[in-house]
Structure formats: structure tokens, C-alpha cells
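Here's the structure, in C-alpha cells; my notes come after.
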Amino acid sequence: MKIVVTGSAGFIGYSLSKSLLSQGKVVIGIDNHNNYYDPKIKESRVQQLTKYSKYQHYRLDLCDKNKLEDVFRDHKPSKVVNLAAQAGVRYSMENPMAYINSNIVGFTNILENCRNYKIANLVYASTSSVYGANTKMPFSENDSVSHPLSVYAASKISNELLAHSYSYLFKIPTTGLRFFTVYGPWGRPDMALFKFTNNILQNKPIDVFNHGKHTRDFTYIDDIVSGVIKAIDNPAKINPYWDSKNPDPSSSIAPWRVYNIGNNKPVQLMKYISALEFSLGKKAKINFLPLQKGDIPDTFANIDNLNSDFDYKPSTSVTEGIANFVDWYKSFYQK
């Protein structure tokens, strides 16, 4: 089995690729190695992956339609996992076109190749940010996502809609996974855990928005990867019981579905910081700030559908996950 993993030099893409390779799968990795955050960590991830004989890496942008098609034509993969995307809520206010190009144009190019090369299953990254202005907790796949608060969130809603149209028109099985605040070893330097750790170790203050009153459904990377693999192994099917009067993500006329993938145990941001302080053995100097535009105050994933369909049960506590991250961080940066 050949599986294309886009964004394979990224946090989730790297972790997923390594897990698939350890299972003996052939992985075709694609990443544009952009400089949204320090590309050195991307290079280090790829160095780890290229130790596997069944891994092949391509440095290309999904917007490069011709080169992307060359990869599909040469390898004829059976499945695709699209994790390549321009990430970050706040950056989407500074550079919205990066999100239109990578997350919409690039994703459409992926869909076209899935169509033309008869891909058996497409799994792709969505985000908890799609819930936008929703206040009902926990967030459910049946909730409206018509009020995104950022261009990033809007681009991911577009992914889900485009996937549905391709699933309906061309019978391509597609599964969208709405990730909830993923963290762990080899994480992204632009995310809070990375920034907090770096600043605390350097005796610098950390910026804590919304005066620390956030709650987040922090989800450890290994739990995320286990859920993605379950989705890869179980393509979406048409639901024969679709109700046109009350359509929802679990009742579709296409082989399409979306799932929340989170820890189902939201944690107060200040408790998250306390767990980090404990693992580092240092107290943080905190600079409390107002809520930033585009941020969602709280996230909480209803994972009943993923649990019911795939027996998905995340098992890593925040205390354990942060400790694992700190161990990796100190080793990687020789702190």
C-alpha cells in the first residue's frame, strides 16, 4: 500500500508518517518547507523519516499542479492524507492569501488528483476553529459552522464543502478530521506550548491572552495519530438512511464524513501552564492580555461519533503529554 502524506515535514504529518512507516507502509511525503516557522525543525523531521527505506520525500507546493500530478502519476498511491496547510489563526489576519492558496487552491489540486487517479480514500485535516462563534459545549459535528472568526477557519470549512462535492460527484471517500489543539514532541514552534517553554527557560515573560480564562481540549499527538490511522483504514461510505429534510455530517448522500478528534477533556489554560511549570521546575512570569481577535475562548470536542465508529479513546493526560514534550524539547535543543 502506498500512501501520500502531504505536510509530512509538519508536526502531525511527520508523526503520522513515522507511525505508518513503522507498520511497513510505503509513504510518499510532500511538503513545501515554507518558513512560517523555523524550517530547521522541518528538516530534522524529514531526516528522521528518510531513515526508513519505504519513505520518499518531495519538496513541492500543492499549488504546483503539474509537479503534484507527476507524483500521483509516478507512484499511483491508493490512499491520501492531506495535512499540508497554512496554519495559524492570527497569521491569517496578516496574510490571508497564503490560506487561500495553500488551503483552498492546493486542496482542490489534491481533490483533482484523487479524482483522476481513483484514490480509494482521502483523509484531510480540518480544525476546531470551524466552530467559530458557537458557544454550546461540547462542540458537535451537527453544530452549524456558518460563523467562522478567521480566514483560517473559513478555508477549512471550504475544504469540508469541496470534499463533499467531490465525494458526491465522483464517489471519492473523504473523511475530514477537526483537530483540537494538538501538542506533544516535535510540535510546532508557533504554538503556545513551544513559546511558553522557550520563554520560561530563558526567564522571559509569557503572553497569556484572555487573561488566562481560556479552556482548551488539548490533544496529545499519539492519540491524534491513532485516530487518523483509523480513518485511513476505514473509508467513508454512503449512508442509506440519509434524510434530505435533516441532513447532517453523519447522514450523507455521499461517501463523506467529518469527525471531531480531541481529548474530550477540556483543561483550563492556567492549569496547563501549571503542568508545564511543574515539568520544567520553574515558575512562569506571566503577562496577562485581552482576548485576541479571531481566538475562540473555549474548545471542547464531542467525540461520540469517532468513538462509536472507530472505538477512538484518547488516553494521554495533559500532565503526561507535557512531560513528554519537555523531555523532547530539552533533548532537541540541548537545554
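Please read these numbers as outputs of a predicted model, since none were measured by experiment. As a basis for the values below, the full set of heavy atoms in this structure was taken, side chains included, without hydrogen atoms, waters or symmetry mates.
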Starting from Leu291 and following side-chain heavy-atom contacts under 4.5 Å between hydrophobic residues (I, L, V, M, F, W, Y), which residues can be reached? none
Is the NZ atom of Lys67 crowded by more than 12 outside heavy atoms at less than 6.0 Å? no
Find the distance between NE2 (His214) and OG1 (Thr299) and round it off to the nearest 0.5 Å. 10.0 Å
Phe278 atom CZ: more than 12 heavy-atom contacts under 6.0 Å: no
If you measure only the distance, is there a donor-acceptor pair under 3.5 Å linking the side chains of Ser8 and Asp31? no
Please answer: with hydrophobic residues joined when any side-chain heavy atoms are less than 4.5 Å apart, are Tyr124 and Val145 in the same cluster? no
Shortest non-hydrogen contact from Ile232 to Lys79? O-NZ, 2.9 Å
Please answer whether the main-chain N or O of Phe310 pairs with a side-chain N or O of Lys230 as donor and acceptor at a distance below 3.5 Å. yes
After noting the C-alpha distance and the side-chain angles of Leu62 and Phe107, does the key distance pass the side-chain contact (heavy atoms from CB on, under 4.5 Å) rule? CA-CA 7 Å; Leu62 299 187; Phe107 184 64; over 6 Å; no
With rounding to the nearest 0.5 Å, note down the distance linking CG in Asn199 to CG in Asp207. 8.0 Å
For side-chain contact (heavy atoms from CB on, under 4.5 Å), just list the numbers for Tyr52 and Ser17, CA-CA rounded to whole Å, side-chain angles, deciding distance to a tenth of an Å, and then say yes or no. CA-CA 10 Å; Tyr52 293 85; Ser17 296; over 6 Å; no
In terms of hydrophobic clustering (I, L, V, M, F, W, Y; side-chain heavy atoms under 4.5 Å; direct or indirect links), are Val130 and Val228 co-clustered? no
Does the side chain to side chain donor-acceptor pair (under 3.5 Å) test come out yes or no for Lys204 and Asn198, once each step is laid out? CA-CA 8 Å; Lys204 295 179 180 179; Asn198 181 63; over 6 Å; no
Is the number of heavy atoms from other residues, nucleotides or ligands within 6.0 Å of NZ (Lys118) greater than 12? no
At their closest point, which heavy atom of Ala301 faces which heavy atom of Asn264, and how far apart are they? O-ND2, 2.7 Å
For Asn103, does its backbone N or O pair with a side-chain atom of Asn159 as donor and acceptor, under 3.5 Å? yes
Kindly indicate, with the supporting measurements, whether the criterion ring-ring contact (aromatic ring centres under 6.0 Å, His included) is fulfilled by Phe139 and Phe300. CA-CA 6 Å; Phe139 293 151; Phe300 181 3; 8.4 Å; no
Short side-chain to backbone donor-acceptor contact, Thr197 and Leu193, under 3.5 Å: yes
Shortest non-hydrogen contact between Asp61 and Cys63, atoms and distance: OD1-N, 2.8 Å
Report, as yes or no, whether the 6.0 Å neighbourhood of atom CZ on Phe170 holds more than 12 heavy atoms from other residues, nucleotides or ligands. yes
Hey, mind stepping through Tyr220 and Asn324 against side-chain contact (heavy atoms from CB on, under 4.5 Å) and telling me if it holds? CA-CA 10 Å; Tyr220 189 64; Asn324 292 343; 3.1 Å; yes
Check for a donor-acceptor pair, side chain of Ser22 on one end and backbone N or O of Ser19 on the other, with a separation under 3.5 Å. yes
Mutual orientation of the aromatic rings belonging to Tyr91 and Tyr99 [parallel < 30°, tilted 30-60°, perpendicular > 60°]: tilted
Yes or no on side chain to side chain donor-acceptor pair (under 3.5 Å) for Lys282 and Asn203, after CA distance, side-chain angles and deciding distance? CA-CA 9 Å; Lys282 294 188 69 173; Asn203 295 312; 2.7 Å; yes
Looking at every non-hydrogen atom in both residues, tell me the closest pair between Ile322 and Ser279 and how far apart they are. CG2-OG, 3.9 Å
Run the side chain to side chain donor-acceptor pair (under 3.5 Å) test on Thr175 and Arg257 for me, step by step, so that the C-alpha distance in whole Å, both residues' side-chain angles and the decisive distance to 0.1 Å come before the verdict. CA-CA 5 Å; Thr175 299; Arg257 63 195 174 195; 2.9 Å; yes
Counting the benzene-type ring for Trp, do Trp256 and Tyr166 have ring centres under 6.0 Å apart? no
Side-chain donor-acceptor distances from residues 71-78 under 3.5 Å, at least two apart:
from: Arg73; atom 1: NH1; to: Asp70; atom 2: OD1; distance (Å): 2.9
from: Arg73; atom 1: NH2; to: Asp70; atom 2: OD1; distance (Å): 3.0
from: His75; atom 1: NE2; to: Tyr58; atom 2: OH; distance (Å): 2.6
from: Lys76; atom 1: NZ; to: Arg73; atom 2: O; distance (Å): 2.8
from: Ser78; atom 1: OG; to: Lys2; atom 2: O; distance (Å): 3.3

Over 12 non-hydrogen atoms of neighbours within 6.0 angstrom of NZ in Lys213: no
Only counting residues at least two apart or in another chain, list the ones meeting ring pair (Phe, Tyr, Trp, His ring centres under 6.0 Å) with Phe325. Phe194, Trp328, Tyr329
Indicate yes or no for a side-chain donor-acceptor contact from Ser308 to the backbone of Asp304 under 3.5 Å, with no hydrogens or angles considered. no
What verdict does the side-chain contact (heavy atoms from CB on, under 4.5 Å) test give for Ile221 and Ile12, after you've listed the backbone C-alpha separation in whole Å, the side-chain angles of each residue and the deciding distance to 0.1 Å? CA-CA 7 Å; Ile221 183 62; Ile12 301 175; 4.1 Å; yes
Without swapping roles, check the side chain of Ser102 against the backbone of Ala98 for a donor-acceptor pair under 3.5 Å. no
Please indicate whether His147 has more than 12 foreign heavy atoms, meaning atoms of other residues, nucleotides or ligands, lying under 6.0 Å from its NE2. no
Taking Leu83's backbone N and O only, do any of them form a donor-acceptor pair with Thr6's side chain (distance below 3.5 Å, no angle check)? yes
Less than 4.0 angstrom from a charged side-chain N to a carboxylate O is my criterion; do Glu43 and Lys40 meet it? no
Angle class for the Tyr131/Phe180 ring planes (parallel below 30°, perpendicular above 60°, tilted otherwise)? tilted
Donor-acceptor check, side chain of Ser126 to backbone of Leu177, threshold 3.5 angstrom: yes or no? no
